[in-house]
Amino acid sequence: MPKAKISREEALAFHIEPTPGKWEVQATVPMTTQRDLSLAYSPGVAVPCEEIAENPETAYDYTNKGNLVAVISNGTAVLGLGNLGALGSKPVMEGKSVLFKRFADVNSIDIELDTEDPDEFCRAVRLMGPTFGGINLEDIKAPECFIIEQRLKEEMDIPVFHDDQHGTAVICAAGLINALHLSGKKIEDVKIVLNGAGAAGIACIELLKSMGAKHDNCIVCDTKGVIYQGRTEGMNQWKSAHAIKTELRTLDEAMKGADVFLGVSVKGALTQAMLTDMADNPVIFAMANPDPEITPEDAHEVRADAIVATGRSDYPNQVNNVLGFPYLFRGALDIHARAINDEMKIACANALAALAREDVPDEVAMAYGKSLSFGRDYIIPTPFDPRLIHRIPPAVARAGMDTGAARRPIVDMDAYELSLKSRMDPTASILRGMNARARAAQSRMIFAEGDDPRVLRAAVMYQRSGYGKALVVGRPDDVKEKLESVGLSDATREIEVVNAANTLHLDAYKSFLYERLQRKGFDEKDVHRLAARDRHVFSALMLAHGHGDGLVTGATRKSAHVLDQINHVFDADIHSGTAGITALLHKGRIVLIGDTLVHEWPEPEDLANIAERAAGVARHIGLEPRVAFVSFSTFGYPISERAEKMHQAPQVLEARGVDFEFEGEMTVDVALNAQAQAGYPFQRLTGPANILIVPARHSASISVKLMQEMGEANVIGPILAGIGKPIQICSTGSTANDILNMAVLASNDLG
């Protein structure tokens with residue numbers, strides 16, 4: 001499978017669209033009436049202020065302190081880019097903030113401090129202490145990072161955690177627990193060689209020693225060689241703490257007989273010759289980024305018995321900090337911790353290691369496009385394992401409570417775990433699974449409107465993201481010019497441009513089309529014009545003949561016109577059972593609405609067909625269908641002739657004996673609200689509906705666009721279901737990213 005490629009232009013566009021940056025602030029309380037404002041600010045706010053002044057602990061009850069982490073940097077060691085300064089680090093810190101939210105529902109704000117003076121830095125952070133429940137230090141160069149973290153931990157009564165040090169250490173420790181388990185070795189017996197004595201390396205070796213590794217069995221190396229007792233060159237107090245009495249002087253010498261290699265250094269630091277000198281079943285953690293100290297391929301070439309982990313996502317066993325810091329802080333915040341201590345970090349590592357030894361859920365295997373099971377290529381859980389949120393924080397919280405770090409211990413741990421499960425957005429795993437299936441499918445995707453820059457950008461992103469081959473319908477010179485205009489001139493050699501002039505199949509297309517249309521008032525000249533000059537028809541003919549695997553169109557013409565053109569090639573009308581299903585994603589919920597494209601005024605049989613199409617789409621994306629036929633009446637009240645068909649449609653499904661839940665007719669609140677449903681104990685839905693079948697296309701369109709504009713819902717679709725070939729029709733207002741999402745849908749073949 002091809003590796004994803006991200007261009008400079010794509011990265012910049014991602015950060016500027018739809019608004020600059022990666023996060024925004026939203027109120028969690030109503031702010032509409034004067035009473036709301038009086039409660040939120042003056043005079044109502046005075047009451048919690050007085051409560052907090054009298055009892056500071058209540059700040060966790062009346063403010064957002066208990067779920068707010070600051071990501072703080074001075075930009076002196078930004079990723080692998082060096083000292084970019086405070087402002088240059090802001091995109092990274094924003095990114096870290098959204099990772100906190102995405103993976104553990106921790107609110108986070110980025111703060112960039114414009115100083116390289118540790119005293120100034122510590123003073124600024126300490127003074128902000130009352131605002132936050134925790135401090136995540138990031139991208140600060142050594143040795144200042146050691147000084148800053150130690151001072152802040154001593155001076156502040158909230159967790160202070162330098163992720164570059166301890167995040168890497170925790171994941172490394174988790175992987176090593178399992179690697180040693182597989183190789184039948186114990187941590188107190190193994191010889192460990194660390195190459196790289198910076199922040200991450202020192203933290204790794206310190207954590208492993210606190211877990212049982214013996215000081216004299218741990219050899220630390222830097223650019224000057226082994227750190228031994230008596231060495232003076234390039235030393236500092238943190239390196240000196242790990243100096244051992246030894247005659248070894250080079251990494252090459254240190255590697256002889258070693259059981260474990262930990263690399264937090266540079267590409268190529270570990271050679272195949274060094275690897276051959278290691279003990280049986282050697283463990284290699286080559287964590288240099290973006291290129292490891294040795295690649296897994298090179299390692300296994302000389303040592304088939306090696307267990308290898310890297311920092312890269314395109315190799316097995318990724319040492320990824322996102323497995324640690326969100327869940328460490330989640331657990332620490334939920335016990336109002338004073339600190340994140342070694343016991344909490346070790347608990348996190350042990351919980352991660354235990355999770356990797358368990359059976360992997362199907363949705364994780366689906367997301368990665370391969371089966372995963374505990375073994376040499378799977379010693380660390382994947383970042384998208386849905387169990388992380390409810391398995392790791394409780395382990396951290398227990399350790400914090402056991403060691404006295406908790407201000408407010410959790411009494412009911414079972415209830416806590418249940419609350420963690422409900423915090424995460426289920427739509428994320430659904431979309432991730434769809435992306436993974438698209439990558440596995442490697443579909444040749446036809447982009448019909450190659451004269452539009454948005455479509456061209458989407459086509460380039462589709463191919464560079466590793467989803468498959470992009471086939472753009474257009475004129476080569478025009479495509480080249482438009483790609484150059486959006487800064488993608490290098491993509492002209494990557495994507496394939498197709499049109500009626502350069503295809504070898506035009507005669508076959510025309511013959512096929514004439515046979516379909518000759519009794520519908522079309523002569524051969526009409527057919528030639530359609531096949532050779534209409535890009536929607538030409539693209540549909542490509543798809544019908546297997547010259548592409550999916551089709552995306554509609555960005556430049558209204559959907560009704562596009563559907564008419566597609567109907568010349570496929571049966572995509574009300575008589576063929578085709579339906580348009582649109583997905584609404586809003587605040588962690590996903591609801592499908594049908595029909596948004598084909599049926600103007602469906603009758604009961606049509607409504608039942610639409611429900612079946614929608615149920616098929618739902619199951620394809622990982623939802624168990626619960627269908628509600630919605631109207632302005634609920635189970636016959638108020639009585640209305642216009643609501644009658646919504647009453648009859650469920651009866652049609654009942655007669656068909658379908659295998660999914662359905663009910664109706666009912667109002668939207670009864671369909672979507674569990675409390676409202678409770679007022680009708682006889683109804684058959686076991687929970688809020690995730691599919692709404694509406695009375696007519698106009699009501700579907702109004703509902704979708706109202707949610708999009710007023711509710712700020714994300715809209716995917718309409719998904720054209722029932723044609724037999726994957727065709728997705730975008731809206732004319734689609735962005736390049738919207739078009740890419742439709743291509744991913746088409747690749748999933750939801751219809």
Side-chain angles (χ1 to χ4, degrees), residues 20-25 49 52-53 56-57 59-60 62-79 81-101 106-168 198-200 202-203 236-238 321 324-326 328-330 332-333 336-341 405 407:
K22 292 193 281 280
W23 61 269
E24 64 181 5
V25 175
C49 287
I52 293 168
E57 278 300 297
Y60 287 92
Y62 300 126
T63 75
N64 65 7
K65 178 181 175 73
N67 195 39
L68 185 62
V69 167
V71 176
I72 306 182
S73 180
N74 61 3
T76 52
V78 180
L79 299 176
L81 303 173
N83 189 343
L84 297 185
L87 191 59
S89 75
K90 185 169 174 61
V92 178
M93 302 312 128
E94 284 189 0
K96 195 65 174 275
S97 292
V98 297
L99 290 179
F100 267 111
K101 187 66 176 176
V106 172
N107 293 326
S108 178
I109 186 169
D110 64 290
I111 297 173
E112 293 75 35
L113 298 178
D114 192 13
T115 179
E116 294 188 19
D117 184 326
D119 292 332
E120 279 193 320
F121 191 101
C122 289
R123 174 174 166 76
V125 177
R126 187 177 69 252
L127 292 175
M128 290 187 289
T131 306
F132 302 103
I135 304 293
N136 184 97
L137 301 173
E138 196 79 17
D139 290 358
I140 304 167
K141 69 182 175 72
E144 286 87 343
C145 62
F146 300 118
I147 299 167
I148 288 169
E149 187 194 39
Q150 187 57 43
R151 276 186 51 183
L152 290 175
K153 285 170 74 172
E154 292 169 357
E155 296 172 356
M156 302 183 77
D157 66 345
I158 57 175
V160 177
F161 185 85
H162 184 206
D163 186 49
D164 299 312
Q165 293 181 58
H166 308 299
T168 303
I202 294 291
N236 57 43
Q237 67 187 78
W238 297 279
N321 285 21
F325 70 84
L328 273 164
F329 272 98
R330 178 77 276 153
L333 291 169
H336 303 176
R338 296 178 177 87
I340 293 175
N341 56 37
R407 286 190 183 86

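All residue numbers in this chain count up from 1 along the given sequence.
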Inset, instruction - Test Asp110 against Lys90 for side chain to side chain contact (heavy atoms under 4.5 Å, CB included), laying out the working first. - result: CA-CA 7 Å; Asp110 64 290; Lys90 185 169 174 61; 2.7 Å; yes
Inset, instruction - Apply side chain to side chain contact (heavy atoms under 4.5 Å, CB included) to Asn67 and Arg330, showing your working. - result: CA-CA 8 Å; Asn67 195 39; Arg330 178 77 276 153; 2.8 Å; yes
Legend entry - Derivation of the side chain to side chain contact (heavy atoms under 4.5 Å, CB included) call for Trp23 and Ile109: CA-CA 9 Å; Trp23 61 269; Ile109 186 169; 3.5 Å; yes
Legend entry - Working for side chain to side chain contact (heavy atoms under 4.5 Å, CB included), residues Val106 and Lys101: CA-CA 5 Å; Val106 172; Lys101 187 66 176 176; over 6 Å; no
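The CD1 atom of Ile111 sits 4.5 Å away from atom CD1 of Ile72, with the distance rounded to the nearest 0.5 Å. Rounding to the nearest 0.5 Å gives a distance of 5.0 Å between CD1 of Ile158 and NZ of Lys65. Distance check: Ile148 CD1 to Leu137 CG gives 7.0 Å after rounding to the nearest 0.5 Å. Here the CG-CG distance, from Asp164 to Asn321, works out to 7.5 Å after rounding to the nearest 0.5 Å. Taken from CD in Glu149 to CD1 in Ile135, the straight-line distance is 12.0 Å, to the nearest 0.5 Å. Going from atom CG of Leu84 over to atom OG of Ser73 covers 9.5 Å, rounded to the nearest 0.5 Å.
Val69 places none of its side-chain heavy atoms less than 4.5 Å from the side chain of Phe161. In this structure the side chain of Cys122 reaches within 4.5 angstrom of the side chain of Leu152, judged on heavy atoms. Residues Asp157 and Arg407 are in side-chain contact: their nearest non-hydrogen atoms beyond the backbone lie under 4.5 Å apart.
Between Leu113 and Ala124 the shortest heavy-atom distance is CD1-CB, 3.9 Å. For the residue pair Cys145 and His162, the shortest heavy atom distance occurs at CB-CE1, 3.3 Å. Of all heavy-atom pairs between Glu138 and Asp163, the closest is OE1-CB, 3.6 Å. In plain terms, the two heavy atoms of Ala337 and Pro159 that are nearest each other are O-CD, 3.1 Å. Scanning all heavy atoms of the two residues, the minimum distance from Ala199 to Phe146 falls at CA-CZ, 3.6 Å.
Between the side chains of Glu144 and Asn74, not a single donor N or O lies within less than 3.5 Å of an accepting N or O.
The main-chain N or O of Lys141 is found under 3.5 Å from a side-chain atom of Thr76 such that the two form a donor-acceptor pair.
Within 6.0 Å of the CG atom in Leu87, the count of heavy atoms belonging to other residues, nucleotides or ligands does not exceed 12. Within 6.0 Å of CG in Asp114 there are 12 or fewer heavy atoms belonging to other residues, nucleotides or ligands.
A salt bridge does not link Lys96 with Asp139: every distance from a Lys NZ or Arg NE/NH1/NH2 to an Asp or Glu carboxylate oxygen is 4.0 Å or more.
In this structure, Phe325 and Phe100 have perpendicular ring planes: the angle between them is above 60°, well past the 30° mark.
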